[in-house]
Amino acid sequence: MNYVPSHKRRSRFLVFGSPLVTEKEIVAVENVMRSCWLGTGPRVEQFEQAFRDYIGCKHAIALNSCTASLHLAMLASGVGPGDEVITTPLTFCATANAIIHTGARPVFVDVDADTQNIDPQRIEAAISPKTKALLPVHFAGRPCDMDALGALAHKHRLLLIEDAAHAVEAVYKGRRIGTVGDMTCFSFYVTKNLFTGEGGMVTTDDEDLAARIKMYGLHGMTKDAWARYSDEGFKHYQVVFPGYKYNMMDLQAAMGLEQLPVLEAYRQRRCEIWDFYTQEFAGLPVQTPCTPQTDTVHARHLYTILLDLNALSRTRDEFMDALCAENIGTGVHYISLHLHPYYAREFNLAASDFPNASHISQRTLSLPLSAKLTDEDCEDVVRAVKRVAAYCAK
Ligand SMILES: *Cc1c(COP(=O)(O)O)cnc(C)c1O
């Protein structure tokens, strides 16, 4: 494509998903370095406590990723070989991979065309005697229909484990995501609403599950390192399960502790940007995200548009390349998993099996959405999208 960028294009490349690192995180990490307690210690404990208070759940276990959190949430509840777990194909591969790592089989159910969340009405047809759990993803930070999912889980005696990697601030009908299902898994990866570099958290109200996740996350030992080496004297550990090395470090927790108090202010800023984009894109051949469902709080993690390919003479990838030439970084969330070679082959999936997820995969484009963006950055994004849309118009 021979797209020639505007002579007014912004001078610096706008990196998609760049974290908002402030002096607070820098000082917090420095203090951990100076304390010499780099691994799992007092900061992790504080972060778990602060996260519990924020979510309003009984237990929060910090781990080194959301992928690890999903893996252990399923293992702790007994998901394993021979089981099936129902999930959405419109997600990051980690969701399905965590299922596969337990030995269970992911069963994909198409999404709703508007919310892009798993469509509860299509789930019952996918339930079999082997189904053990539902694993919905709150896509882009929009809470799933938890009433419908909860009713299905109850009726068929399934676990409800949520992938809330996008949804740390989300609320469903007055209940925070993290307090609704049996277990909820959060991500603190670099690009997420709350970042610790790498990091994750499982929340649950079930004491046994929490204890098992904690133990599985550190080699299956019954006393963690913090307890063993503290000033209360040396304590022997006992290994009761061949666990994993999934623990969070104090270095990571220190970053997270600084962000919990500003999460809502950051979300408010993303709401402003969201509204600005939606207002500016009216009349362009793009579909903007549908408004959040009533009685929910949308965590506003991603602003995804769908290109109207009937009105454009270019593909989504060409549209993205042109935005890149304008120095605007974008993302794709997602190419649906059934279109990736591994899942297509292993689970015998065709594009036509998931018409909505296939449609979205071809057209979706995520624009920068972060409290880090200045008004000028947002204006640059809008100007570039308008120019590229005009260039790509039929
Ligand atoms: C980022 C992400 C994950 C994985 O999170 P990690 O913390 O990187 O393991 C899982 N699911 C979704 C939907 C994600 O966006």
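Whatever order the structure lists them in is the order used to number ligands and atoms, beginning at 1.
- Of the possible donor and acceptor atoms, one in the side chain of D353 sits under 3.5 Å from a partner among the backbone N and O of A350.
- Residues R316 and Q362 bring no donor and acceptor atom of their side chains to less than 3.5 Å of each other.
- Assignment of A68 to the shell around ligand 1 is not supported, since no heavy atom sits closer than 4.0 Å.
- One finds a salt bridge joining E30 and R34 here, because a Lys/Arg side-chain nitrogen approaches an Asp/Glu carboxylate oxygen to under 4.0 Å.
- Within a 6.0 Å radius of NZ in K394, more than 12 heavy atoms belonging to other residues, nucleotides or ligands are found.
- Closest protein heavy atom to atom 8 (O) of ligand 1: Y189 CB, 3.8 Å.
- Heavy atoms of F186 stay at 4.0 angstrom or farther from ligand 1.
- For R176 and Y54, the positive end sits near the middle of the six-membered ring, less than 6.0 Å away and at most 45° from its axis.
- No donor-acceptor contact under 3.5 angstrom links the side chains of E272 and Q268, judged on distance only.
- In terms of protein heavy-atom proximity, atom 14 (C) of ligand 1 is closest to K192 NZ, 3.2 Å.
- In this structure, the protein non-hydrogen atom closest to atom 9 (O) of ligand 1 is T67 OG1, 2.5 Å.
- Under 4.0 Å from ligand 1, the heavy atoms of A165 that appear belong solely to its side chain.
- Summary of contacts: the protein heavy atom closest to atom 11 (N) of ligand 1 is D163 OD2, 2.7 Å.
- Which parts of ligand 1 touch T91 is read off a 4.0 Å heavy-atom cut-off, strictly below it: atoms 13 (C).
- E326 and Y3 are linked by a side-chain donor-acceptor pair at a separation below 3.5 angstrom, with hydrogens and angles left out of the test.
- When only non-hydrogen protein atoms are considered, atom 15 (O) of ligand 1 lies nearest to H166 NE2, 2.8 Å.
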